[in-house]
Amino acid sequence: ENPRAGPFVVAMATLVRVSRVGRPFFLRCCTLVTDARGIQAVSVPSRAILSCATLHRNKVVSLGGGLRALTTDSDSATSAPSGLRKVGDKEWEMPIPNSRVGKVIGRKAVTLQAIQKSSWCSVKVAHSDDLQDSGERKITFWGPEPAVAVAAEMVNQICHPAEVWGDAPLDTKVVTIPADKAGTVIGHTGETLHILETAAGVELAIAQRDNYDVDMSVMITGTAEAIGHAESMIDHITKDSTEVLNVPPNMIGRVIGRGGATIKEISSLSGVSSIQLPQKPWYGHVDGAMPITLAGSETAIELARSIIQDLVDSDQSMTPELPSVDAVHQRMMYRLRPLVVSKELPIPDDSIGAIIGKRASVKSFLTRLTGADIRIATDSTTATDNQQVAVVTGSESQIRRAERLIRLMVSRSRGHVHYTLRRNAPKAAPKVVITGGAGNIGSKAAAHLVACGADVHVLDPWDPSNRVPGVTYHKGNMLTLNRWPQLFNDAFAVIHLAAVNPYPGLSWAEAADSIELNMTVMAEAARRRVPRLIFASSNHVMGGYKELGGPIVGPDAPPLDVSLPVEVGTKWAAAGAWHDSVAYATAKIAGERIANSLALSHPHTQFISIRIGWCQPGENVPEQMDAGGGGTNAVSSSSFSRAESVYPDDSYYDEDLILEWYKKMWLSNRDWQQLAERCVYAQLPDDTPHHLIVNANSKNTGSRWDVSGTTRFLGYQPQDDVTRGADK
C-alpha cells in the first residue's frame, strides 16, 4: 500500500512465449511495475517484442507486438485486441499473420463479409504492405470504436485460436499425421482444422510438403491441457474403425435414394471412407433390416450414423432432407469438444437483435467462429422484463470466446452504434464526379455544386451545349472501362445520372444497356471506396400506382412512400397512341437493386437512390406541364385527345386528373439543386440505411409523394410548390 499512489502490483514473468507465424519468440525476465493508473515501468531485454502493455484491475488487457489479452473476468469483454492502433478518424489498423489471411477472408470472401455484417464495421485486408517482410499483413477497420472492437476481436479469434487463461503458458508440440489421413485432418477448404482449433482452443500450423505421399507434420500451439485435447481429437478423426448399422426395411429406399444419391451425399457430408451395402438379398438379418457397413474414423462414423438415424426417424410423408454442411460441422464440434458445459448470459432486450441478426445470420456466424452453441432461452428463470438470457454451450474455451464477443456486441448495440465510416460531411472542396452531367439535371447540379465550392468533374459521352464555368469535363463511353474509372480516385461522391437513353420511352435494348451501365459505374465506385454513390432513380418505378384504380390524387389518395412495393411504368399519350415507361422504370429499379446488393458487400460506400420527380429542361415552370407527360419537349395537348380511342378503359381517361398526377411530382430547379447539395454535404445520422432510398419532389400541395425520409436523413427542405410555381 502506498498512501499516495495507491496499491502497486509487481508481476514477474520468467518466461513468456508468443506464437507469431508459427515461430516461437521468448521474453525473459519481464517485470511490470504498475499502479491503478497503468504501467509505470517495464523492464525487458532490448530484443524483446513487447512494445506496450496496459494493466487494469490487476489484469493485462492489452499487449502490443502481437501478444493477446490475458483476462480472467467478464470485464475483459470491453478491452480491445492486441496490436490494434488508431491511425485516423474512425480508422484503425492491426497486423495479422500472413498464414491466417486466408482464414480471415474465407472462401469467396464469405468470412470477411460475415465479419463486416456482424460487427457493423468495414474491414479491408491489404494486398501488399511493408509488414509482409516480417511475415504479417495489415488489416484496416473503419467505423466507431465499439464496432471496430467487435470486428477486431473476431479477426483476433480467427488469427489466434490458442488462448492463455490464468498463469498457464503456451506450449508447442509437433504431431505426425499419416499421408492417407492428411485430407481428413484438413477437411474441405480447411473446415476440419478450424473445428479442431475452436473445439480445443489451440492453433494448428501445417508444414508444407513437396511430396504428398509423405506424412504430414502439424504443430499444435496452446496450453498443455489444450494440446492434450487436440491430440485426442486428431486421434479420434484419424483412427480407423468400422461399424454395422441396421436400416429398417421400410426405410431402405429413403436412406439409399434414387440411384444411390442419398447414400453418396451422406458419405460426402460425414467424411467416412466407405459405406458398403450388402448384395441382395440380405435375408437372415434382424427383422429383414439391411446391414450397412460404415468404415472410416470414429468421428466420421458417428456423423454418418446420426444423419442416417435422422432419416429413419423423420416423417415418411415428407421428402427426405439431409443436413447442411454447416449443420454437419456443428455436429462434429459437439462430438470433439473435450468437456461440454453451459453458461447463461443476460442480454438486454434492445440488444437481442444484434446477437441474432437477420434470419439468425449473426448467431450462426458466432457459432461457427467460436464453436459454441448459442440460443436464446425461452424458459429461463433469470430473465426479467427488460432482459433475456442467452445460453452458451460448449467447452470452456469456446464459451470464453463466445462470451467475449457477445459482451462486445452488447456494448456496441446498447449505444445504438452503426458504422458511419467515411460517410461524414466532406471537406470544404470535395471532389464530385457527375456521370451524364452534360444533360438537364446534371448541368443544374454541376453549376450549384461548383458554387458550393466542390471540385466538380462531369463524365459524359456527349459534349455539353453550355459549359458551366469551374467544371472539368471528361468525354468517354462508360460502357467500356478504358481510363474513366480513374476519375473516381479520391472522389468523395459520384452522382450517377447517366443512361443510354434518358427519356421514358426507351426501348428494351436500351434498358438492358442502361442496366449494364449502372452496374459498371456503381461497381467501380464501390471498388475504389468512394464514400457516397448517388443514383438517379425515377418516379416511374412507382408510376403503375396511377393505373391501379382508386383515387390517384386528392386527400383520399394514399401517400407513396419508398417502403411500398414498386409498380413500374407510367402510361402517357403521344402522337395519337398510348405509351408506357415499363422498360425505363425496369432499368431504374434494377439500378436500385444493384445499389442494395453492393451496399451489403461494400459498407465503406454509402448508397443513396433518389426517385426524381418531374424536373423539366430549362426554366422548369409548372405552366409548361401537360397531360402528355412531356412538358417542355411535349407534343401538343391535343395529341392526348386523339389517343382517347385507343385507350382500353374510359375510367382511367381523364386529362385533367392525369395532369394533376404529373404536377404533384414536380421538382423545381432550386429544390433539385438543394437536394444534390444535401446528398453530398449532409452529415448522415448514425441510423442511415446502408442503401438509402428517398423521393425527390418539391413541396407540392396535396402531393402523394412522401419526402419525410428525404428530410430526416438528408436535411432536405423543399421551398417551391407547383400551385404557385417557382419563387423567382
Any side-chain donor paired with an acceptor under 3.5 Å for Glu592 and Ser609?
no

Are Arg532 and Phe492 in a cation-pi contact, defined as NZ or CZ under 6.0 Å from the six-membered ring centre and within 45° of the axis?
no

Indicate yes or no for a side-chain donor-acceptor contact from Thr435 to the backbone of Leu497 under 3.5 Å, with no hydrogens or angles considered.
yes

So do Ile534 and Ile610 actually touch side chain to side chain, heavy atoms under 4.5 Å?
yes

Which heavy atom in Val148 sits nearest to a heavy atom in Cys121, and how many Å separate them?
CG2-SG, 3.9 Å

Lys117 side chain to Leu112 main-chain N or O, any donor-acceptor pair under 3.5 Å?
no

So, are Lys663 and Glu660 salt-bridged, with charged N and O less than 4.0 Å apart?
no

Hey, is Asp720 close enough to Arg670 for a salt bridge, meaning N to O under 4.0 Å?
yes

Going by side chain to side chain contact (heavy atoms under 4.5 Å, CB included), Thr710 matches just one of Leu692, Val694, Ile693, Val562. Which one?
Val694

Looking at Val471, is its backbone amide N or carbonyl O close enough to the side chain of Asp455 to form a donor-acceptor pair, meaning the two atoms are under 3.5 Å apart?
no

Nearest 0.5 Å, what's the NE2-CG distance between His448 and Asn669?
11.5 Å

So, for Cys452 and Tyr681, which heavy atoms are closest and what is the spacing to 0.1 Å?
O-OH, 3.5 Å

Does the side chain of Ile612 reach to within under 4.5 Å of the side chain of Ser537, using non-hydrogen atoms?
no

If you measure only the distance, is there a donor-acceptor pair under 3.5 Å linking the side chains of His690 and Gln606?
no

Any non-hydrogen side-chain atom of Leu714 less than 4.5 Å from a side-chain atom of Leu675?
yes

Passing option when Trp705 is tested against Tyr545, Trp661, Trp666 for ring-ring contact (aromatic ring centres under 6.0 Å, His included):
Trp661

Asp687/Arg712 ion pair, N-O < 4.0 Å:
yes

Measure the acute angle between the ring planes of His474 and His457, then classify it against the limits of 30° and 60° as parallel, tilted or perpendicular.
parallel

Can you tell me if Asn700 and Lys664 form a side-chain donor-acceptor pair at under 3.5 Å?
no

